[in-house]
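Below is one structure, written out as structure tokens, with a few remarks after it.
Every chain is numbered from 1 and lettered A, B, ... according to where its sequence line falls, protein lines coming before strand lines.
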Amino acid sequence: MKKKSLQSKSDTLVGIINAFILFSAMLICVYPMIYVLFASVSEPSQIIRNTDFIIKPLGFSMESYKSVLAYPMIGTGYKNTLIIMVIHMALSMLLTIAGGYFMSQKNLMWQKPITIIIVASMFFSGGIIPMYLTVRAIGITDTYLALVLPSAVNTFNLILMRTGFDGLPPSLHESAKIDGAGHMTVLFKICVPLIKPTLAVIALYYAVQIWNSWFYASIFIDNRKLYPLQLVLREILISNDTSSMTTAASMEDKEMISETIKYSSIIISTLPILCAYPFLQKYFVKGALVGAVKG
Amino acid sequence: MKQKALFENNKKQLSFGARAKKDMMSNWPLYLIVLPVLAYYLFFFIFPASGLVIAFKDFTIKPKYSYLHNIVASDWVGLKYFKEFFGSVYFGRVLKNTIIISLSTLAAGFPIPILLAIMINEVKSNPYKRLVQTVTYLPHFISLVVVCGMVKTFTSDTGILSVFLSKMTGASPETMLNNKSLFVPIYVLSEVWQQAGWDSIIYLAAITAIDQDQYEAARIDGAGKLRQIWYVTLPGIVPTITIMLILAVGKMLNVGYEKIILLYNPMTKPTAEVISTYTYQRGLIERDWSYATAVGFFNSIINFGLVITANIISRKISDTSLW
């Protein structure tokens with residue numbers, strides 16, 4: 001009896017320590033974003049001198065948001081990213097549905113060889129240089145297409161899609177065919193509506209991929225008018241290129257504002273994801289599991 | 001039954017051409033819709049992969065001619081660029097950096113998600129559990145550019161992390177990303193920060209699949225929480241851990257260039273330059289096409305070999321393999 005109560009006491013202790021460590025882990029995960037949020041609404045003169053962890057904004061000023069919104073590249077970047085998002089999403093989803101459905105049809109003569117080619121691309125690639133030269137040769141550099149076509153199909157998502165279609169009972173096809181439905185009717189009227197959760201997961205994966213991508217833009221796009229948001233952010237955050245963003249007169253003012261502009265631009269660019277994320281989380285998690293199990 | 005066998009027999013007797021024709025006749029809509037997908041893989045997988053041939057040639061871009069013409073017209077040089085790479089001082093350096101960065105990432109990035117999953121599973125209150133999950137998965141969705149931007153800001157000589165560390169050690173604060181011995185820790189820690197929560201999902205799912213009776217039995221035998229974790233939870237997820245480890249090893253030399261390009265600078269290159277960033281530097285910056293392609297080819301071959309080996313081992317040990 002005594003032993004048991006000792007046991008339950010130590011279990012409670014383990015539980016408390018556990019909850020505390022997880023709380024610290026959460027703090028570590030979320031504090032950088034909170035700091036950025038507070039810093040972005042702080043008084044520029046105060047935040048630039050600050051070297052400490054803060055738990056509330058230092059003063060209050062919307063100055064950095066004003067400067068960042070007055071900087072035309074942010075608007076340009078947003079616009080480009082949205083345009084690319086629409087074209088890319090439409091194309092990617094269509095191709096992924098078509099490819100995934102095809103790969104799930106086991107009785108086709110060319111299903112196997114085509115699947116092998118597609119899966120092979122996950123294991124071997126020409127690498128970045130031949131990719132660059134190919135895109136150049138096709139002649140789409142410095143157009144939106146350079147940011148859409150080379151990443152149009154994500155093989156991992158394609159496999160997820162196939163797994164989704166694989167989960168449908170084969171009798172579905174047979175009975176539909178007996179009823180005289182053609183391949184396209186079976187695909188779009190029957191199968192696609194049945195795998196909506198998988199579609200949602202894949203659409204979300206593509207959306208995040210498109211929203212976050214910057215590298216292809218950095219090598220395929222020279223025209224600043226076509227910069228996606230992430231490339232604009234790279235200039236602000238990594239290359240420290242904010243001089244053109246402020247109209248402030250003195251050097252000191254410029255430096256001050258360029259510091260806070262970093263914070264406000266992070267918030268402006270990350271806000272859509274942060275707002276949508278809590279609602280979409282369960283879909284992401286579902287996808288991560290299917291992907292991990294089925295690879 | 002007999003009829004069916006006859007039918008099967010008949011099917012086998014059809015020649016390849018006849019079967020192909022029949023297949024095409026009845027399934028042409030499916031082939032039609034897969035055509036754009038095939039075109040994608042032709043243009044962005046097969047073409048680039050065939051483009052690796054320039055690693056064995058003296059490829060230059062003559063603007064007046066097409067890419068294909070430039071490839072065909074350039075002279076064969078055999079293994080010249082591979083030899084040049086293997087013989088250069090960069091070979092040892094980038095290989096060493098690649099191995100160090102990937103091993104450190106593995107050493108920190110592999111156990112932490114397992115630990116996290118076990119801890120999350122121990123939380124009794126469901127709302128708190130969900131909160132922990134939501135918050136720890138969050139960094140995964142922040143864009144790489146923003147993550148690197150935050151890292152850069154926090155580790156600058158006036159950044160909060162840099163100043164905090166200098167208070168701990170008594171040294172004066174420095175721009176940490178200019179210190180070549182700090183590059184790997186910064187890279188690895190920011191990687192763990194961003195991915196640990198997300199990577200814990202798979203282990204959490206594996207833990208959920210463990211039979212609850214085993215915990216009950218352990219409790220009856222007088223095992224406390226820690227013992228239950230050690231004797232029930234851990235053994236229960238060992239298969240998952242094994243597979244994930246094998247896959248991680250398979251991806252080992254596949255250190256991506258994107259994050260390193262965002263974080264490194266000339267001062268940290270001695271420890272930060274990996275094979276993939278070296279390819280980027282020599283090819284896309286210095287336009288040394290054939291040499292850079294040879295370096296990239298070397299990387300692709302090594303990666304391919306590792307993945308295949310990992311997969312074979314994975315299949316031997318368990319039923320799980322990538323294909």
Side-chain angles (χ1 to χ4, degrees), chain A residues 7 10-11 14 18-19 21-22 25-26 29-30 32 36 51-53 95 98-99 102 105 108-109 117-119 121 123-134 137 150 152-153 182-184 208 212 214-215 219 230 233-234 237-238 262 266 269-270 273 277-278 281 285 288-289 292 295, chain B residues 19-20 23 27 29-30 33-34 36-38 40-41 44-45 47-49 51-52 67 119 122-123 132 134-139 141-146 148-150 152-153 158 160 163 197 201-202 205 222 224-226 258 262 279-280 283-284 289 292-293 296-297 299-300 304 307 322-323:
Chain A
Q7 192 71 67
S10 80
D11 278 0
V14 169
N18 187 42
I21 297 177
L22 284 176
M26 282 199 287
C29 283
V30 86
V36 170
T51 54
D52 255 327
F53 295 91
L95 290 179
F102 181 87
Q105 300 300 299
L108 294 178
M109 206 173 155
I117 293 176
I118 291 173
V119 174
S121 74
F123 298 99
F124 190 81
S125 78
I128 185 63
I129 307 297
M131 187 62 152
Y132 173 81
L133 292 173
T134 306
V153 181
H183 283 290
M184 291 304 101
V208 172
N212 287 347
W214 65 278
F215 184 73
I219 61 174
Q230 298 296 329
L233 279 178
R234 186 178 73 141
L237 298 174
I238 309 288
K262 285 185 185 172
I266 289 180
S269 67
T270 314
I273 291 185
Y277 167 72
Q281 188 204 349
V285 172
L289 284 178
Chain B
R19 271 192 299 138
D23 180 55
N27 297 317
L30 292 175
I33 59 165
V34 86
V37 182
L38 277 183
Y40 169 80
Y41 282 96
F44 299 108
F45 169 53
F47 278 5
L52 284 172
Y67 173 49
M119 293 175 72
E122 290 304 321
V123 176
V132 175
T134 306
V135 171
T136 52
Y137 299 166
L138 182 68
F141 296 100
I142 297 173
S143 83
L144 195 59
V145 174
V146 166
C148 292
M150 292 199 293
K152 205 167 172 237
T153 311
T158 55
I160 48 173
V163 171
I201 293 176
I202 176 84
K225 272 280 158 245
L226 291 178
E258 293 200 16
L262 289 172
T279 312
Y280 167 83
L284 294 171
W289 303 115
T293 306
F297 199 1
N299 203 13
S300 290
F304 183 66
V307 174
L322 288 173
W323 60 82

If you count heavy-atom pairs within less than 4.5 Å of chain B, which of A/I129, A/I219, A/V208 leads? A/I129

Within a strict 4.5 Å, meaning less than it, do heavy atoms of the A/D52 and B/V163 side chains meet? no

B/T134: side-chain hydrogen bond (donor to acceptor under 3.5 Å, both in side chains) partners, not counting sequence neighbours: A/Q281

Scanning both residues in full, the closest heavy-atom pair of B/Y40 with A/A152 reads CE1-N, 3.7 Å

Please look at B/T153 and chain A and tell me whether the side chain, the backbone, both or neither of the residue comes under 4.5 angstrom of a heavy atom of that chain. side chain

Considering only heavy atoms and a distance below 4.5 Å, find which of B/V146, B/I33, B/L30 pairs most often with chain A. B/L30

With a 4.5 angstrom heavy-atom cut-off, could you sort out which part of B/P36 is near chain A: side chain, backbone, both or neither? both

Shorter than 4.5 Å, heavy atoms on both sides: which option in B/A205, B/S143, B/G149, B/P139 has the most such pairs with chain A? B/S143

Proximity breakdown for B/F47 and chain A, heavy-atom pairs closer than 4.5 Å: both

Find the one option among A/A137, A/P32, A/A25 whose heavy-atom pairs under 4.5 Å with chain B are most numerous. A/P32

For chain B, the option from A/A19, A/G182, A/G127 that forms the most heavy-atom pairs under 4.5 Å: A/A19

Given a strict heavy-atom distance threshold of 4.5 Å, which part of B/F297 is in contact with chain A: side chain, backbone, both, or neither? side chain

Is A/L233 close to chain B through its backbone or its side chain, or both, or neither, when contacts mean heavy atoms under 4.5 Å? both

According to the interplanar angle, ranging from 0 to 90°, do the rings of A/F215 and B/Y280 count as parallel (below 30°), tilted (30 to 60°) or perpendicular (above 60°)? tilted

Could you have a look at B/P48, B/G197, B/A292, B/G51 and say which one has the most heavy-atom pairs with chain A under 4.5 angstrom? B/P48

With no hydrogens and no angle check, is any side-chain donor or acceptor of A/D11 less than 3.5 Å from a backbone partner on B/G224? no

Here the gap from A/Q230 atom CD to B/L262 atom CG, rounded to the nearest 0.5 Å, amounts to 10.0 Å

Are A/F102 and B/L38 packed together at the side-chain level, in the sense that at least one heavy-atom pair is separated by less than 4.5 angstrom? no

Non-hydrogen atoms of chain B under 4.5 Å away: do they reach the side chain of A/V153, the backbone, both or neither? both

Between B/V123 and A/N18, is a side chain to side chain contact (heavy atoms under 4.5 Å, CB included) present by the stated rule, with each step listed? CA-CA 8 Å; B/V123 176; A/N18 187 42; 4.1 Å; yes

Is A/I128 in contact with chain B via its backbone, its side chain, both, or neither, using a 4.5 Å heavy-atom distance? side chain

For A/G99 versus B/V37, what's the shortest heavy-atom pair and its separation? N-CG2, 3.8 Å

Between B/S300 (side chain) and A/S125 (backbone), is there a donor-acceptor pair under 3.5 Å? yes

So which atom in A/P130 and which in B/T293 form the shortest heavy-atom distance, rounded to 0.1 Å? CG-CG2, 4.0 Å

Chain B heavy atoms under 4.5 Å from A/T270: which part of the residue, side chain, backbone, both or neither? side chain

About how many Å separate OG1 of A/T134 and CZ of B/F45, when rounded to the nearest 0.5 Å? 12.0 Å

Proximal component of A/I273, with respect to chain B [non-hydrogen, under 4.5 Å]: side chain

For the residue pair A/Y132 and B/W289, does the interplanar ring angle fall in the parallel (under 30°), tilted (30 to 60°) or perpendicular (over 60°) class? parallel

Decide yes or no for A/L237 and B/C148: does some side-chain heavy atom of the first lie under 4.5 Å from some side-chain heavy atom of the second? no

Quick one: of A/I117, A/I118, A/V14, who has the most non-hydrogen atom pairs under 4.5 Å with chain B? A/I118

Of the listed A/V36, A/I266, A/L133, the one with the largest count of heavy-atom pairs under 4.5 Å with chain B is A/L133

Of all residues at least two apart in sequence or in a different chain, which pass the side-chain hydrogen bond (donor to acceptor under 3.5 Å, both in side chains) check with B/Y137? B/Q133

Rounded to the nearest 0.5 Å, what's the gap from CE on B/M119 to CD1 on A/I21? Could you check? 4.0 Å

Where do A/S121 and B/Y41 come nearest, in terms of heavy atoms and distance? OG-CE2, 3.4 Å

Just how far is it from atom CG of B/D23 to atom CG of A/L108, taken to the nearest 0.5 Å? 6.0 Å

Could you tell me which portion of A/M184 (side chain, backbone, both or neither) has an atom closer than 4.5 angstrom to a non-hydrogen atom of chain B? side chain

May I ask you to name which of B/V135, B/I160, B/L226, B/T279 has the most heavy-atom pairs under 4.5 Å with chain A? B/I160

For A/M109 and B/A20, the nearest pair of non-hydrogen atoms, with its separation, is SD-CA, 3.4 Å

Top contributor to chain A interface from B/L284, B/T158, B/T136 [non-hydrogen pairs under 4.5 Å]: B/L284

